[in-house]
Student: 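Structure incoming, see below.
All values derive from a computational prediction rather than experimental measurement. Counting convention: from 1, in listed order, for ligands and their atoms alike.
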Amino acid sequence: MTQSILEQLDAVLSSRKDGDPGSSYVAGLHHKGLNKILEKVGEEAVETVLAAKDAELDGDNSKLIYETADLWFHSLVMLSHLGSNHQQVLDELARRFGLSGLDEKAARDNQS
Ligand SMILES: N=c1c2ncn([C@@H]3O[C@H](COP(=O)(O)OP(=O)(O)OP(=O)(O)O)[C@@H](O)[C@H]3O)c2ncn1[C@@H]1O[C@H](COP(=O)(O)O)[C@@H](O)[C@H]1O
């Protein structure tokens with residue numbers, strides 16, 4: 001089975017918990033600890049907000065996409081550091097989507 005990019009990334013992030021902080025950025029973050037990771041998440045969140053404002057002004061979303069990738073990446077490092085992973089977030093979103101999502105699918109299936 002092909003692994004999604006998030007599954008592959010989670011596996012790498014997890015493996016970096018025992019990695020060499022000198023040769024791996026993620027191992028370096030794990031080594032520095034939760035406060036450093038949270039600092040990065042906060043920093044990337046601010047950069048994402050600023051990029052969204054710029055995107056609204058100039059109509060170019062490329063920096064916004066780049067910064068959002070940085071934010072997602074550091075959020076995944078945070079989850080990994082605390083023993084969680086992306087799948088638990090997807091499960092939570094799926095739970096919220098819940099019945100309304102199933103209704104939409106049923107409506108689409110009925111149309112086809
Ligand atoms: N996807 C990423 C990724 N996205 C962003 N970053 C890093 O996140 C940092 C972004 O923070 P900044 O822009 O503030 O850059 P910085 O000034 O270098 O950061 P600080 O010194 O302030 O901490 C950069 O150093 C980026 O290289 C990433 N570093 C690694 N990965 C992936 O993570 C995996 C493991 O990486 P290593 O642990 O380095 O092997 C690899 O598969 C990589 O592809």
Side-chain angles (χ1 to χ4, degrees):
M1 190 185 88
T2 312
Q3 279 189 313
S4 74
I5 189 69
L6 288 176
E7 285 171 327
Q8 293 177 59
L9 194 49
D10 260 348
V12 171
L13 298 184
S14 184
S15 76
R16 293 300 194 263
K17 281 180 160 185
D18 305 318
D20 172 15
S23 61
S24 154
Y25 174 73
V26 177
L29 284 178
H30 285 306
H31 186 74
K32 286 173 188 161
L34 182 62
N35 282 355
K36 178 63 186 178
I37 295 169
L38 297 181
E39 183 186 309
K40 292 302 296 179
V41 172
E43 202 179 292
E44 301 304 343
V46 170
E47 286 173 14
T48 301
V49 168
L50 295 176
K53 292 303 289 180
D54 286 346
E56 185 184 40
L57 286 177
D58 62 24
D60 178 0
N61 285 2
S62 52
K63 187 150 187 286
L64 174 61
I65 302 300
Y66 185 90
E67 295 299 347
T68 302
D70 268 354
L71 176 59
W72 286 17
F73 172 75
H74 286 88
S75 298
L76 290 171
V77 175
M78 174 188 68
L79 290 172
S80 171
H81 190 78
L82 293 170
S84 283
N85 58 58
H86 79 279
Q87 189 57 52
Q88 291 169 291
V89 178
L90 294 185
D91 289 347
E92 174 60 19
L93 288 172
R95 188 189 65 76
R96 294 179 197 178
F97 197 54
L99 251 190
S100 68
L102 293 176
D103 287 348
E104 271 181 38
K105 185 177 182 322
R108 274 201 311 275
D109 289 349
N110 282 338
Q111 280 172 359
S112 57

Student: With rounding to the nearest 0.5 Å, note down the distance linking NZ in K17 to CG in L29.
Tutor: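 Answer rounded to 0.5 Å: 13.0 Å.
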Student: Starting at CG of L9, measure out to OG of S80 and round the result to the nearest 0.5 Å.
Tutor: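 Between L9 CG and S80 OG, I get 9.0 Å after rounding to 0.5 Å.
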Student: Between E39 and N35, is any side-chain donor less than 3.5 angstrom from a side-chain acceptor?
Tutor: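 E39 vs N35: no donor-acceptor pair found between side chains.
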Student: Pair up each side-chain donor or acceptor in residues 68-75 with any protein partner under 3.5 Å, not counting sequence neighbours, and list the distances.
Tutor:
from	atom 1	to	atom 2	distance (Å)
T68	OG1	L64	O	2.7
H74	ND1	D70	O	2.8
H74	NE2	Y25	OH	2.8
S75	OG	L71	O	2.8

Student: How many angstroms lie between atom CD of Q87 and atom CG of D91, to the nearest 0.5 angstrom?
Tutor: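 Nearest 0.5 Å value for the CD-CG distance: 4.5 Å.
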Student: Pairs under 3.5 Å, N/O atoms on ligand 1 and on the protein: can you put them in a table with the distances?
Tutor:
from	atom 1	to	atom 2	distance (Å)
ligand 1	8 (O)	Y25	OH	3.4
ligand 1	11 (O)	K40	NZ	3.1
ligand 1	11 (O)	E44	OE2	3.3
ligand 1	14 (O)	K40	NZ	2.6
ligand 1	14 (O)	E43	OE2	3.2
ligand 1	19 (O)	K40	NZ	3.1
ligand 1	22 (O)	K40	NZ	3.1
ligand 1	23 (O)	K40	NZ	3.3
ligand 1	38 (O)	R16	NE	3.2
ligand 1	38 (O)	S24	OG	2.5
ligand 1	38 (O)	Y25	N	3.3
ligand 1	38 (O)	V26	N	3.0
ligand 1	39 (O)	Y25	N	3.0
ligand 1	40 (O)	R16	NE	3.1
ligand 1	40 (O)	R16	NH2	2.9

Student: Return the CD to CD distance between E43 and E67, rounded to the nearest 0.5 Å.
Tutor: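 CD of E67 is found 9.5 Å from CD of E43.
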